[in-house]
Every structure is written in C-alpha cells, then in structure tokens.
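Read the numbers this way: they start at 1 and go in the same order the structure lists the ligands and their atoms. Heads up: numbering here begins at 1 and tracks the sequence.
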Amino acid sequence: MASETGKSREGFATTLGVLTATLGSAVGLGNIWKFPSMAGSNGGAAFMFIYVIATFLVGLPVMISEHVIGRTARANAITSLRKLAPKQIWWLIGVAGVISAFLIMAFYTEVAAWVFAYIPSAISGALNSTDPAVTSQAFSNLIGSPWKSLIWQWVVLAWVAAIILAGVSRGIEAMTKRLLPILFCILIIINIRSLTLAGAGEGLAFLFKPNWSSITWPIVLSAVGLAFFKLSVGMGTMITYGSYYKEDQNIPLNALRVMGSDLLVSILAGMAIFPTVFTYGFQPDAGPSLLFITMPAVFSSLPGGPIVQNLFMVLFFLLAGVAATGAMLSLFEVPVAYLVERLDWSRRKATLITAVALAVVGSTAALSSSTLADFKLLDRTMFDLFDFMSSNVLLPLGGLAITVFVGWRWGLPAVTKGLTNDGKLNNLPVVKAFFFVAKFVTPILVAVVLLNGLGIIKFG
Ligand code: TRP
C-alpha cells in the first residue's frame with residue numbers, strides 16, 4: 001500500500017492480530033483502574049448501567065466510523081481525513097486527536113509507572129499490610145518522590161517505545177497476541193478467589209443493583225467519557241489502526257467483538273475488586289487511589305498467609321501492567337504514524353522523538369503529586385487536568401465530529417462501500433442500522449451530555 005510519501009505501508013498480518021491489537025488498545029487501565037474507581041465512587045451499578053448504554057450507542061458507532069475511515073483512506077488520522085474530504089477542515093479532528101494522544105499519554109504513563117513500580121514492591125512484601133494507613137504511606141512515598149515518579153515513567157516509555165520500534169506487525173500485533181491470553185488468565189484466577197469469599201454477594205450487589213439517586217449530569221458525562229476512553233475512540237487511534245486493517249476484515253463484526261470483550265474485562269475487573277473490598281470491610285469509594293491504597297490492604301487480608309497474599313497482589317498489578325501496555329502502544333502509534341508518513345521520518349526517529357516529547361509533557365503529570373502539587377489550572381493539577389480535558393471534553397468532541405463527518409459529509413454510499421468490503425459482505429441491514437445511529441443518535445446524545453455535563457445548558 002502506498003502512503004502519502006510513496007513508502008510502502010505496513011499493516012496487521014492476520015485477522016486474529018487485528019482483533020488482538022484492537023482489543024489490546026481498548027483494554028487497559030480504563031478497565032482495571034478507571035472503571036472500578038469511578039464506579040466505586042459514583043454508586044456502582046447505576047454508573048455501570050449508563051456506561052453500558054454509552055458503550056453501545058456511542059462507543060461502538062464511533063469505533064466503526066473510525067475503522068472504516070482509516071481502512072478506506074489507508075493513512076494516519078490527519079491524512080485520512082484530508083484524503084476523504086480534500087480542501088475542507090475535517091482533518092482538524094486528526095490534529096485534535098494527536099493533541100489528545102499526548103494529553104492521555106502524559107497521565108496514563110504515570111499511572112502505568114505506579115503499576116510497574118508496585119510489582120517489585122509487591123514481590124518484596126513491602127505492600128503487605130491490612131492497614132490502609134500503611135499502604136497509603138507506601139503510595140505517598142512513591143508519588144511524592146519526584147525522581148521515583150519520573151524514572152518509573154521513563155521505564156514505561158522505554159518499554160512501549162521498544163515494542164513500537166519493532167513495527168506494526170512484529171511489534172504491536174505480535175505483542176498483543178501474547179499479552180491478551182495472559183490478561184484473561186490472570187483475571188479469571190483473581191475472579192475465582194474473589195467470588196468465593198464471604199462478602200462476594202455484597203460486592204456483586206454493589207456492582208449490579210442500581211441506586212439512581214447518586215447520578216448527576218457531570219457523572220453521566222463521566223460515564224460517557226469513559227465509554228470513549230475505554231474503546232480508544234474519539235481521537236483517531238482507531239482511524240490509525242483501521243488503516244492497518246486487511247481488505248477482507250468485517251469491520252462491524254470486529255468492532256462488536258472488541259466492544260463485547262472490553263466490557264467483559266471491565267465487569268470481570270469489577271467482580272475481582274468489589275467482592276474482595278466488601279468482604280474485608282473496606283470502602284469502595286477511594287477514587288483513583290482505590291487500586292494503589294485500598295487494593296494492597298484488601299489483598300493482604302486474604303486467607304493463606306503472606307505468600308498467597310503477595311502472589312495475588314503481584315498477579316493483580318501484572319494484570320494492570322499488561323493491560324496498560326497494549327493501550328499505550330495504540331496511543332504512541334498515533335503520532336508515530338503521522339510523523340513517518342507526513343515528514344517521511346524513519347520509524348526509529350519518529351519513535352525516539354515521540355518518546356522524548358512524551359517524557360517532557362508527561363513530566364508535568366508525573367510531578368503533580370510532588371514538585372508541581374500546587375500548580376493548578378482550572379482548579380486541577382496537571383494530572384487531573386489532562387485526564388479531565390481528554391475524557392470529558394476532547395474525546396466526546398472528537399467522537400461527535402467523527403460521527404457528523406460520517407453521517408452528514410461522507411454519506412451512506414461511501415460508508416456502504418467501506419463496510420460491505422465493496423459489496424463482498426452481505427451485511428446491508430447492519431450497515432444501515434449503523435448509519436442511522438451514527439447520523440442521528442450518537443451526535444445528539446453526545447451533544448446533550450456534553451452541554452449538560454459541562455454545565456453549559458441545564459436540562460432536567
Ligand atoms: N482504551 C484504553 C484504556 O482503557 C486507553 C486508550 C488507548 C485510549 N488508546 C486510546 C483512550 C485512545 C482514548 C483514546 O485504558
């Protein structure tokens with residue numbers, strides 16, 4: 001395939017690889033860290049319910065839209081939109097996407113840094129205490145130290161850059177094919193443990209029995225923002241991955257599988273965490289520190305002595321580290337693909353420069369709990385600001401623009417050609433249903449939630 005610069009383009013080699021790379025992007029700290037902490041502090045089941053609806057009506061249509069745009073144009077996010085709509089400004093969606101990729105990576109690599117740092121700590125037994133005051137101290141020691149925060153972030157960046165350097169098929173595809181089975185195995189082992197504990201029922205009730213009184217518009221926006229974040233949509237990651245898809249790939253079916261599996265991983269993560277939390281009398285609403293303060297204390301309460309307890313702790317943070325890796329690969333690939341195709345850089349140069357740029361931008365998030373703790377914009381630390389701006393503003397805006405592009409600018413004939421693989425697939429009803437939702441339902445829903453969630457209009 002020729003790129004903008006005439007270089008041949010690499011792509012995913014196998015249908016299974018397409019699925020694992022895409023699912024590897026979707027499954028990440030969003031499932032293991034964000035979903036449980038947000039569900040835990042926002043009433044459990046009610047939050048999850050809104051999130052599930054948003055995944056179907058918003059996440060899935062945007063994912064299909066991005067994949068078909070990418071595969072049709074066969075280019076990075078910005079160039080794809082320029083090719084499909086020459087001389088119009090739709091490519092700005094891609095520019096916003098590259099900016100979002102940086103903002104997300106800035107705080108995401110730091111959360112991954114804590115996860116990576118916790119693995120040796122858990123092995124050594126340093127996190128083994130049933131007293132949250134002790135585990136809280138361990139966490140503060142980590143995030144309060146500028147050097148530890150920075151160095152672990154660099155370790156994470158070096159790890160991801162090394163895989164990216166190996167290429168789309170030999171790096172991303174090969175790695176996610178290996179990591180995803182490990183992820184599912186660990187998740188199932190932890191679930192067997194948590195679901196056989198005495199308080200499992202209470203934890204499950206928290207996750208599945210909704211209490212609507214806790215839901216407000218900003219929480220609805222957060223749930224919709226999470227649906228974007230979870231499926232890696234709204235900023236061009238999936239346009240980039242779609243551009244590596246094979247011609248005979250069934251895009252709607254693949255997207256449905258990715259969405260379903262991703263949801264399953266979120267629910268399994270919730271079922272690993274909440275039954276255990278409730279069994280030992282901890283609070284589910286610790287927010288972002290649920291994983292790093294509450295969970296070590298929770299695991300230290302398991303029967304079987306320190307070896308078993310530490311084993312579950314190590315497995316848990318390994319799970320998070322594995323999940324974070326596939327997701328970071330997809331975020332990293334967005335600027336790399338652009339730099340290679342647009343500026344004709346080698347993959348090596350693009351990867352190294354992206355890594356350095358991410359280390360610079362990311363350092364402001366890494367230092368948000370130490371050196372820069374008092375530096376705030378819009379009342380938030382850089383870490384919180386990047387998180388909020390990406391999930392609650394940029395991704396929804398990007399998703400809105402992408403579905404408007406597909407529904408109102410690109411149009412049904414082009415979409416049908418793309419999604420039926422030029423007439424080879426017999427899926428016209430699916431394509432029409434998708435098109436209707438992408439044209440009318442998703443944009444209106446996102447607009448209403450965005451305006452209300454940000455307090456721009458008041459509705460109900
Ligand atoms: N989906 C990933 C997670 O749940 C994060 C992620 C990867 C992402 N690529 C993205 C989020 C692109 C938004 C956009 O952890």
Side-chain angles (χ1 to χ4, degrees), residues 20-39 51 54-55 58-60 62-63 65-67 70 76-77 93-94 96-112 114-115 156 160 163-164 172 175-176 179-180 183 187 222-242 255 258-259 261-270 288 291 319-338 354 358 386-399 401-402:
T20 60
T22 313
L23 187 56
S25 164
V27 169
L29 292 171
N31 308 63
I32 317 282
W33 169 67
K34 250 180 184 256
F35 169 71
S37 62
M38 289 170 82
Y51 164 63
T55 307
V58 176
L60 185 64
V62 181
M63 180 180 276
S65 305
E66 290 196 30
H67 285 165
N76 64 75
I93 301 173
V98 174
I99 297 172
S100 317
F102 267 87
L103 296 188
I104 295 173
M105 274 299 265
F107 76 89
Y108 205 94
T109 46
E110 189 50 27
V111 182
W114 304 337
V115 168
V156 168
V160 178
I163 306 171
I164 289 285
I172 300 177
M175 197 62 175
T176 53
L179 290 181
L180 272 179
L183 184 134
L187 206 47
S222 296
V224 173
L226 180 66
F228 278 101
F229 188 88
K230 277 305 320 108
L231 292 179
S232 312
V233 295
M235 51 147 290
T237 287
M238 289 300 173
I239 296 183
T240 309
Y241 271 27
V258 169
M259 186 218 73
S261 316
D262 180 72
L263 192 57
L264 181 69
V265 174
S266 293
I267 293 175
L268 285 175
L291 219 61
L319 166 76
V322 166
T325 299
M328 288 188 291
L329 288 174
S330 69
L331 285 160
F332 208 116
E333 182 65 19
V334 173
V336 169
Y338 178 69
T354 303
L358 283 173
F386 292 160
D387 184 1
F388 176 82
M389 280 305 287
S390 52
S391 283
N392 292 24
V393 181
L394 287 172
L395 296 180
L397 275 180
I402 287 166

Engineer: N/O to N/O below 3.5 Å, does that happen between M235 and ligand 1?
Structural biologist: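 Among all N and O atoms of M235, none is under 3.5 Å from an N or O of ligand 1.
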Engineer: Taking only heavy atoms of A26 into account, list the atoms of ligand 1 that are under 4.0 Å away from them.
Structural biologist: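 Listed by number with element: 1 (N), 2 (C), 3 (C), 4 (O).
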Engineer: Nearest protein heavy atom to atom 13 (C) of ligand 1, by residue and atom, and its distance?
Structural biologist: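 Going by distance alone, atom 13 (C) of ligand 1 is nearest to I104 CD1, 3.6 Å.
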Engineer: Check for a donor-acceptor pair, side chain of S390 on one end and backbone N or O of D387 on the other, with a separation under 3.5 Å.
Structural biologist: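 Confirmed, S390 side chain pairs with D387 backbone.
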Engineer: Please list, in number order, the atoms of ligand 1 under 4.0 Å from a heavy atom of L395.
Structural biologist: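 The atoms of ligand 1 under 4.0 Å from a heavy atom of L395 are 13 (C).
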Engineer: Taking the six-membered ring of F229 as reference, does the NZ or CZ atom of K34 fall below 6.0 Å from its centre and within a 45° cone about the axis?
Structural biologist: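 Flagged: K34 positioned over aromatic ring of F229.
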Engineer: Say whether, by atom type as modelled, one donor and one acceptor occur between the side chain of Y241 and the main chain of E333 under 3.5 angstrom.
Structural biologist: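 No; judged by distance alone, with no hydrogens or angles, the pair does not exist.
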Engineer: Identify the closest protein heavy atom to atom 15 (O) of ligand 1: which residue and atom is it, and at what distance?
Structural biologist: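 Here the nearest protein heavy atom works out to Y108 OH, 2.4 Å.
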Engineer: Quick test: of every protein heavy atom, which one is nearest to atom 6 (C) of ligand 1, and how far off is it to 0.1 Å?
Structural biologist: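 Ranking protein heavy atoms by distance from atom 6 (C) of ligand 1, first comes S232 OG, 3.5 Å.
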Engineer: Give yes if a backbone or side-chain nitrogen or oxygen of V233 is under 3.5 Å from a nitrogen or oxygen of ligand 1, and no if not.
Structural biologist: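 N/O-N/O distance under 3.5 Å: no.
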Engineer: If every non-hydrogen atom of L23 is compared with every non-hydrogen atom of D262, which pair is closest and at what distance?
Structural biologist: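 Closest pair (atom of L23, atom of D262, distance): CD1-N, 3.9 Å.
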Engineer: Indicate yes or no: at least one non-hydrogen side-chain atom of L231 is less than 4.5 angstrom from one of M238.
Structural biologist: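 SC-SC contact between L231 and M238 ruled out.
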Engineer: Geometry only, no angles: is L29 polar-contacting ligand 1 at N/O separations under 3.5 Å?
Structural biologist: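 Yes; the residue has a nitrogen or oxygen that sits under 3.5 Å from a nitrogen or oxygen of the ligand.
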Engineer: Nearest 0.5 Å please: distance from the CD1 atom of I32 over to the OG atom of S37.
Structural biologist: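 The distance works out to 11.5 Å.
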Engineer: When you measure from atom 12 (C) of ligand 1 to every protein heavy atom, which one gives the shortest distance, and what is it?
Structural biologist: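 For this ligand atom, the closest protein heavy atom is T237 OG1, 3.3 Å.
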Engineer: Around atom 4 (O) of ligand 1, find the nearest protein heavy atom and jot down its residue, atom name and distance.
Structural biologist: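 Going atom by atom, the protein heavy atom closest to atom 4 (O) of ligand 1 ends up being K230 NZ, 2.5 Å.
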Engineer: Which one of F332, Y241, F229 has a non-hydrogen atom at the shortest distance from atom 5 (C) of ligand 1?
Structural biologist: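 Closest candidate by heavy-atom distance is F229.
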Engineer: For the residue pair S232 and S25, confirm or rule out a side-chain donor-acceptor distance under 3.5 Å.
Structural biologist: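 Yes, S25 and S232 have a side-chain donor paired with an acceptor closer than 3.5 Å.
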Engineer: Determine the sole option in L263, L264, V265 for which the side-chain contact (heavy atoms from CB on, under 4.5 Å) test with I267 is passed.
Structural biologist: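 Of all the options given, the one that passes is L263.
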Engineer: Go through ligand 1 atom by atom and flag the ones less than 4.0 Å from a non-hydrogen atom of G30.
Structural biologist: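 Here the atoms of ligand 1 in question are 3 (C), 4 (O), 15 (O).
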Engineer: Side chains of N31 and S266: do they bring a donor and an acceptor to under 3.5 Å?
Structural biologist: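 Yes - a donor-acceptor pair under 3.5 Å links their side chains.
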Engineer: Do me a favour and list the nearest non-hydrogen protein atom to atom 2 (C) of ligand 1 with residue, atom name and distance?
Structural biologist: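 Ranking protein heavy atoms by distance from atom 2 (C) of ligand 1, first comes S25 O, 3.2 Å.
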Engineer: Should the proximity of S330 to ligand 1, defined as any heavy atom under 4.0 Å, be assigned to the side chain, the backbone, both, or neither?
Structural biologist: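 The side chain, only.
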